[in-house]
Number of protein chains: 4
Amino acid sequence: MFQLDVRSRKPIYEQLVDKIKELIISGILTPDEQLPSVRVLSGQLTVNPNTIQRAYRELEAQGYLYSIKGKGNFVSAIEHMPSNDKLQELKKEIQTLIAEAIYLGLTKEDLHLLFERANQKTKGEH
Amino acid sequence: MFQLDVRSRKPIYEQLVDKIKELIISGILTPDEQLPSVRVLSGQLTVNPNTIQRAYRELEAQGYLYSIKGKGNFVSAIEHMPSNDKLQELKKEIQTLIAEAIYLGLTKEDLHLLFERANQKTKGEH
Amino acid sequence: MFQLDVRSRKPIYEQLVDKIKELIISGILTPDEQLPSVRVLSGQLTVNPNTIQRAYRELEAQGYLYSIKGKGNFVSAIEHMPSNDKLQELKKEIQTLIAEAIYLGLTKEDLHLLFERANQKTKGEH
Amino acid sequence: MFQLDVRSRKPIYEQLVDKIKELIISGILTPDEQLPSVRVLSGQLTVNPNTIQRAYRELEAQGYLYSIKGKGNFVSAIEHMPSNDKLQELKKEIQTLIAEAIYLGLTKEDLHLLFERANQKTKGEH
DNA sequence: GTGGTCTAGACCACT
DNA sequence: GTGGTCTAGACCACC
């Protein structure tokens with residue numbers, strides 16, 4: 001499914017969260033699609049089940065997943081996402097990072113390229 | 001000087017690092033300008049001196065500050081920064097965040113606005 | 001594991017950094033090998049855990065180690081090191097020291113011997 | 001006479017020590033030659049006289065200078081230098097640094113070049 | 001169990 | 001007075 005970097009300073013559960021988010025955002029995982037069970041994914045990635053659980057819980061809290069007891073974890077429909085607050089946060093964060101990158105020498109061309117690539121990474125238009 | 005959220009998940013020293021970085025990037029703190037001493041800032045923010053120093057040390061490691069033992073901490077000139085590897089990382093991170101934001105409903109207009117504001121946030125002499 | 005001189009002018013954490021570096025360079029500690037935990041080493045050396053951690057953090061910043069939160073500290077693979085800037089600094093430093101040593105009577109034969117011994121001290125696969 | 005880098009993490013008095021050593025080693029300052037007085041040098045470098053004093057004291061302790069009360073500071077003759085202990089220390093230090101440099105990718109050619117340059121930097125043959 | 005953060009307070013080195 | 005180091009001891013996050 002994907003790779004984890006045990007060396008990274010970023011906790012494994014957080015890496016998992018990010019990767020799954022990417023799959024959802026890119027449209028590879030579609031709304032109401034079922035995710036692999038904690039046990040299966042735990043086996044595939046040779047990661048402690050608790051860690052997988054933790055990641056799923058986090059994604060649920062952020063609105064990307066919903067879980068049904070006894071059945072599994074599923075991708076949320078876009079309508080069910082918290083979006084607004086989160087979006088504000090994201091915008092602020094992006095702004096800060098861009099400012100830092102420009103300070104370190106990022107050119108306008110680089111920035112344009114960045115925007116285009118980010119655009120391609122998303123499934124659709126809103 | 002600025003506010004800290006002691007209850008945040010983000011460590012205090014990291015909040016400090018981010019705030020000071022912003023001040024440098026925005027040009028409010030200029031190269032070779034002296035920062036408040038560890039003890040003074042510690043008093044103003046009611047934070048342990050060690051925590052302040054931890055932040056200053058981190059900023060030094062990242063190239064934003066330099067410190068002179070009996071004299072104080074000072075803002076680095078842009079020329080003295082490492083930049084390149086860091087810039088690559090930043091670009092990747094920005095890309096991911098923008099993709100997520102678009103998924104959550106960010107429009108192209110929003111994006112343009114974001115770009116402009118980020119630009120204003122930097123002193124921007126290159 | 002090794003000895004520290006608490007009376008030395010050189011900070012304990014720096015002595016630790018140097019010792020561990022040597023172990024890595026000489027190949028006694030191999031990539032991905034786990035280092036003694038902060039608390040264990042702290043106990044063995046009768047040094048405060050914070051001081052050990054300071055050393056580990058420094059080694060991480062220099063690229064010699066990576067740390068995983070609930071697991072431990074591990075030796076980095078050579079590929080993951082920054083090297084270039086650092087190497088330039090090192091060369092300059094070595095040059096100065098050799099010049100001083102020659103002034104104090106170091107012969108060309110001594111120098112050759114030095115070179116060979118240094119070579120033996122490295123694992124030396126490039 | 002020479003330049004100091006206030007930004008450096010190395011204390012100013014230590015930079016002074018190194019610079020003066022270099023001048024002696026390279027033969028620019030010759031045995032029994034008088035050094036500028038503390039006051040004069042302090043004025044030229046816009047550095048606190050105490051700092052200059054500290055550097056001279058250090059150089060005296062290391063055997064590079066001798067001072068005569070009321071007259072000034074003078075370069076020691078080579079014969080009067082402690083050499084042996086110091087040389088052993090230096091050798092060990094050089095060895096360690098070379099080992100590290102090789103670990104980081106220094107080639108044998110680089111090393112040879114280094115040796116030659118260091119050789120040129122010294123005044124004479126012993 | 002592991003590393004990471006923070007505080008309180010002491011002492012040293014540099015200018 | 002400045003930064004730098006170290007200790008003692010507490011609490012949190014991750015696995």
Side-chain angles (χ1 to χ4, degrees), chain A residues 4 6 8-16 42 46-55 58, chain B residues 4 6-16 34-42 45-58 60 65-74, chain C residues 4 6-17 34-42 45-58 60 65-74, chain D residues 4 6 8-16 42 45-55 58:
Chain A
L4 297 174
V6 287
S8 167
R9 15 174 60 265
K10 196 183 281 184
I12 291 178
Y13 88 91
E14 226 174 284
Q15 290 184 50
L16 259 165
S42 158
T46 58
V47 160
N48 191 304
N50 289 328
T51 307
I52 309 284
Q53 190 69 281
R54 172 82 199 266
E58 178 75 20
Chain B
L4 296 174
V6 284
R7 291 176 310 172
S8 164
R9 292 174 45 96
K10 192 188 281 186
I12 295 177
Y13 86 91
E14 227 172 280
Q15 293 180 48
L16 259 166
Q34 183 165 6
L35 288 150
S37 87
V38 171
R39 301 199 229 279
V40 166
L41 196 51
S42 156
L45 303 177
T46 55
V47 161
N48 188 290
N50 284 329
T51 306
I52 307 288
Q53 208 172 10
R54 170 86 201 268
Y56 280 179
R57 220 185 305 141
E58 179 72 23
E60 193 184 2
L65 298 187
Y66 62 94
S67 93
I68 305 178
K69 251 198 184 167
K71 304 203 76 176
N73 287 277
F74 304 85
Chain C
L4 297 174
V6 285
R7 290 176 312 174
S8 165
R9 292 174 45 97
K10 192 189 280 187
I12 295 178
Y13 87 91
E14 228 173 280
Q15 292 181 48
L16 259 166
V17 165
Q34 182 166 7
L35 288 150
S37 86
V38 171
R39 301 199 229 279
V40 165
L41 196 50
S42 156
L45 303 176
T46 57
V47 160
N48 187 289
N50 284 329
T51 307
I52 307 287
Q53 208 172 11
R54 171 85 201 268
Y56 279 180
R57 219 185 307 142
E58 179 72 23
E60 193 185 0
L65 297 188
Y66 62 95
S67 92
I68 306 179
K69 250 197 181 169
K71 303 203 77 174
N73 287 277
F74 304 85
Chain D
L4 298 173
V6 287
S8 167
R9 18 175 56 266
K10 196 183 281 184
I12 290 178
Y13 89 91
E14 226 173 282
Q15 290 183 49
L16 259 166
S42 156
L45 302 176
T46 57
V47 160
N48 191 305
N50 289 328
T51 306
I52 309 285
Q53 190 69 281
R54 171 83 199 266
E58 179 74 21

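Only heavy atoms go into these numbers, but all of them, side chains included; no hydrogens, no water, no symmetry mates. Numbers restart at 1 for each chain; the letters A, B, ... are given by sequence-line order, proteins then strands.
Residues passing the salt bridge (charged side-chain N to carboxylate O under 4.0 Å, His left out) test with B/E60 are D/R9, sequence neighbours excluded. Shown here are the side chain to side chain donor-acceptor pair (under 3.5 Å) partners of B/Y56, two or more places apart in sequence or in another chain: there are none. Partners of A/K10 under the side chain to side chain donor-acceptor pair (under 3.5 Å) rule, at least two apart in sequence or in another chain, are A/D18. In this view, C/N48 and C/N50, C/T51 satisfy the side chain to side chain contact (heavy atoms under 4.5 Å, CB included) rule, not counting sequence neighbours. Legend: residues meeting side chain to side chain donor-acceptor pair (under 3.5 Å) with B/R54, ordered by chain and number and at least two apart, are B/Y13. Partners of A/Q15 under the side chain to side chain donor-acceptor pair (under 3.5 Å) rule, at least two apart in sequence or in another chain, do not exist in this structure.
Taking atom CD of D/Q15 as the reference point, atom C1' of E/dT15 lies 13 Å away to the nearest angstrom. For the pair D/I52 CD1 and E/dT15 P, the computed distance is 10 Å after rounding to whole Å. Computed from coordinates, the B/Y66 OH to F/dT2 P distance equals 17 Å when rounded to whole Å. When the P atom of F/dG4 is taken as reference, atom CD of C/E58 falls 12 Å away, rounded to whole Å. Atom CZ of B/R7 is separated from atom C1' of E/dT5 by 18 Å (rounded to the nearest Å). In this structure, C/F74 places its CZ atom 11 Å from P of E/dT2, rounding to the nearest Å. As a whole-Å value, the separation of B/R57 CZ from F/dT2 P is 18 Å.
For C/Q53, a side-chain nitrogen or oxygen approaches OP1 or OP2 of E/dG4 to under 4.0 Å. In this model, the phosphate group of E/dT2 is not approached by any side-chain N or O of C/N73 to a distance below 4.0 Å at OP1 or OP2. OP1 or OP2 of E/dG4 has at least one side-chain nitrogen or oxygen of C/S67 nearer than 4.0 Å.
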- Query: Please, what dot-bracket string fits DNA chain E when only Watson-Crick and G-U pairs with both distances under 3.5 Å count, crossing ones use [ ] and pairs to another strand use |?
  - Reply: ||||||||||||||.
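Listed for the C/Q34 side chain is a donor-acceptor partner under 3.5 Å among the backbone atoms of C/K71. A donor-acceptor contact shorter than 3.5 Å is absent between the side chain of B/S67 and the backbone of B/G72.
To the nearest 0.5 Å, atom CG of residue B/L65 and atom CG of residue B/N73 are 6.0 Å apart.
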- Task: At under 4.0 Å between heavy atoms, which parts of nucleotides 6-15 of chain F does protein reach? Answer with one letter per nucleotide, 5' to 3': B base, S sugar-phosphate only, - none.
- Result: BBBB---SBS
